[in-house]
Amino acid sequence: MKNKKLDTICVQGAYSPKSGEARVCPVVKSTTFYYEKAQPMADLFDLKSDGYFYSRIGNPTVNAFEEKLLMLDGGTGAIACASGMSATMLAVLNVCNAGDNIVSASAVYGGTYNLFSVTLKKYGIETRFFDPDDTAENIEKLIDEHTKVIFAETVANPTIVVLDFDKIAGIAKKHGILFMVDNTLVTPVLCKPKDFGANVVLYSSSKYLDGHAVALGGAIVDCGNFDFASSNRYPEFNTPDDSYHGLVYSTLGEKAFGTKCRVQMMRDLGAIMSPENAFLTNLGMETLALRMERHSYNASRVAEFLANHEKVEWVKYGSLESDPYHALAKKYMPGGQGGMLSFGVKGGSDAATVVMEGMKMIAIVTHVADVRSCVLHPASTTHRQLSKADLENIGIADNLIRLSVGIENVDDIIADLDGALSQI
Ligand SMILES: *Cc1c(COP(=O)(O)O)cnc(C)c1O
């Protein structure tokens with residue numbers, strides 16, 4: 001699979017059977033793995049060889065998913081997780097302890113916002129949010145010697161803010177801080193964050209990677225481009241880990257972050273993806289490149305339709321020339337911006353409800369980024385736990401409808417929207 005194109009990797013990457021073996025990567029439903037002798041197992045524990053011993057640390061089906069994602073994103077290691085949330089949690093805890101802080105864009109997924117602002121805070125990890133449109137100078141003011149992560153989403157869910165990679169990666173690099181990017185809504189098909197300075201890439205594979213709304217999962221990709229050995233900011237990477245017989249992670253060079261995350265974080269927190277979900281996600285990823293192309297095309301057509309509709313107050317989607325993030329979208333996602341957009345109808349929250357209930361094909365569900373078009377009103381559902389002030393902080397208006405444009409025929413999607421809008 002070396003030197004193959006991205007769409008080929010989606011279909012055939014990371015699994016090549018030997019003669020007589022299953023053509024499709026099978027589900028290996030075994031928690032544990034057999035060894036004839038004791039030494040090979042000891043070598044695995046010592047990281048002297050590669051292999052499986054317990055499915056919390058590694059499993060062949062899960063590994064096939066990890067390796068495929070790694071081929072797509074580039075980097076030195078990928079770790080599959082039970083969900084997108086657990087991926088974010090494990091990645092952050094891999095570098096943050098009590099007393100440390102995260103500097104994060106305020107435009108992030110609601111669950112991530114809660115994790116950062118409420119749950120991690122209870123464990124002594126503080127998050128300082130910045131407005132993604134703010135200047136580098138102002139954002140830098142949030143950084144101190146305890147800042148361990150700078151966090152942002154490539155395209156933010158649900159505000160559709162496009163990440164200014166150069167600005168944020170520049171800050172991270174200048175201060176020697178790990179730059180983590182949640183790339184869920186565009187996938188490596190449309191944007192590879194590593195190419196624009198990210199050090200760690202995160203996914204909720206429950207979205208486009210699976211693509212069919214059947215398997216919860218997440219992933220952490222170590223881009224392998226952060227130099228822990230010459231940094232004073234991450235003493236944990238430069239001192240022996242007593243829980244792993246004195247291993248100093250920075251001595252592993254470009255594999256430091258990913259190895260620590262697997263052998264320490266996954267070992268102790270155990271939020272690994274199940275083999276069944278890895279199987280389904282692998283299956284979904286076979287059509288990922290094709291789907292992202294169609295999602296992007298359909299969404300750009302829908303965005304144009306909405307932008308010209310008299311009942312629509314505003315539309316956010318990167319392909320629109322009127323969109324404030326148009327230039328960034330073109331720069332970082334020239335091949336398309338994915339299927340997620342948001343729009344506001346005239347008439348506030350009540351009108352939003354009328355439109356959503358008026359749709360016949362587009363379903364109201366708490367999910368996005370699968371083959372079926374769907375909508376959600378974040379202010380009354382996914383973001384219900386947030387206060388009015390929080391909602392304003394992260395840019396969610398009360399008339400905002402999050403629309404995940406599927407891969408149905410775009411004329412049918414537009415007709416459904418048109419019918420629903422006419423009911424206001
Ligand atoms: C859904 C989502 C998550 C959380 O993923 P789960 O798999 O639902 O835990 C994180 N980030 C983004 C951008 C998401 O859309």
Side-chain angles (χ1 to χ4, degrees), residues 62 65 69 73 78-93 102 104-120 127 129 132 149 151-163 180-191 193 198 200-221 269-274 276-278 280-281 284-285 292 295 299 316 318 333 337-342 365-370 374-376 378 381-383 385-386 394-396 400 402-406:
V62 177
F65 161 69
L69 188 61
D73 254 308
I79 299 153
C81 304
S83 65
M85 287 314 303
S86 55
T88 304
M89 176 191 72
L90 288 164
V92 163
L93 294 183
I102 301 164
S104 171
S106 55
V108 288
Y109 175 69
T112 305
Y113 189 82
N114 278 329
L115 172 70
F116 286 180
S117 63
V118 180
T119 301
L120 288 180
T127 300
F129 292 100
V149 175
F151 188 97
E153 292 177 7
T154 309
V155 168
N157 180 1
T159 50
I160 321 297
V161 170
V162 178
L163 174 57
M180 278 186 197
V181 175
D182 182 335
N183 199 40
T184 297
L185 293 193
V186 290
T187 82
V189 171
L190 300 177
C191 178
V200 175
V201 185
L202 301 173
Y203 290 97
S204 163
S205 64
S206 326
K207 312 294 167 54
Y208 286 122
L209 299 185
D210 156 24
H212 300 76
V214 291
L216 211 64
I220 302 164
V221 178
L269 299 171
I272 190 86
M273 181 182 278
S274 74
E276 290 88 344
N277 282 353
L280 291 167
T281 308
M285 280 174 79
M292 293 317 290
H295 280 295
K316 295 212 174 117
M333 292 161 268
Q337 290 85 43
M340 290 284 301
L341 56 84
S342 68
V365 294
T366 309
H367 192 256
V368 294
D370 68 76
C374 61
V375 277
L376 186 87
T381 57
T382 46
H383 292 64
Q385 277 92 17
L386 301 186
I394 64 177
I396 296 179
L400 182 153
R402 178 174 81 176
L403 173 61
S404 172
V405 181

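We count ligands from 1, going down the list as the structure has it; atoms in each ligand are counted the same way.
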Minimum-distance protein heavy atom relative to atom 6 (P) of ligand 1: G84 N, 3.3 Å

Show me which atoms of ligand 1 lie under 4.0 Å from any heavy atom of E153. 13 (C)

Protein contact of atom 7 (O) of ligand 1 - nearest heavy atom, named by residue and atom, plus distance: S206 OG, 2.6 Å

For residues S206 and L216, determine if any side-chain heavy atom of one lies less than 4.5 Å from a side-chain heavy atom of the other. yes

Please answer whether the main-chain N or O of T184 pairs with a side-chain N or O of S204 as donor and acceptor at a distance below 3.5 Å. no

Interfacing atoms of ligand 1 (cut-off 4.0 Å, heavy-atom, G217): 7 (O)

So is S204 polar-close to ligand 1, meaning N/O to N/O under 3.5 Å? yes

Look up atom OG1 in T187 and atom CG in D73, then write down how far apart they are to the nearest 0.5 Å. 8.5 Å

Give me the nearest non-hydrogen protein atom to atom 15 (O) of ligand 1 as residue plus atom name, then the distance to 0.1 Å. K207 NZ, 2.7 Å

Tested for side-chain contact (heavy atoms from CB on, under 4.5 Å) against R402, the lone hit among V368, I160, V375, T381 is V368

Please determine which of F116, Y109, Y113, F129 meets the ring pair (Phe, Tyr, Trp, His ring centres under 6.0 Å) test together with F151. F116

Options T184, V108, D182, ranked by nearest heavy atom to atom 11 (N) of ligand 1, top entry: D182

Before signing off on this row, confirm whether V368 and ligand 1 have an N or O atom pair separated by under 3.5 Å. no

Heavy-atom closest pair (V62 atom, A278 atom, distance to 0.1 Å) is CA-CB, 3.6 Å

If the contact criterion is a heavy-atom separation under 4.0 Å, does A369 count as touching ligand 1? no

To the nearest 0.5 Å, how far apart are OG1 in T159 and CG in L400? 8.0 Å

What residue and heavy atom of the protein are closest to atom 4 (C) of ligand 1, and at what distance? Y109 CE2, 3.4 Å

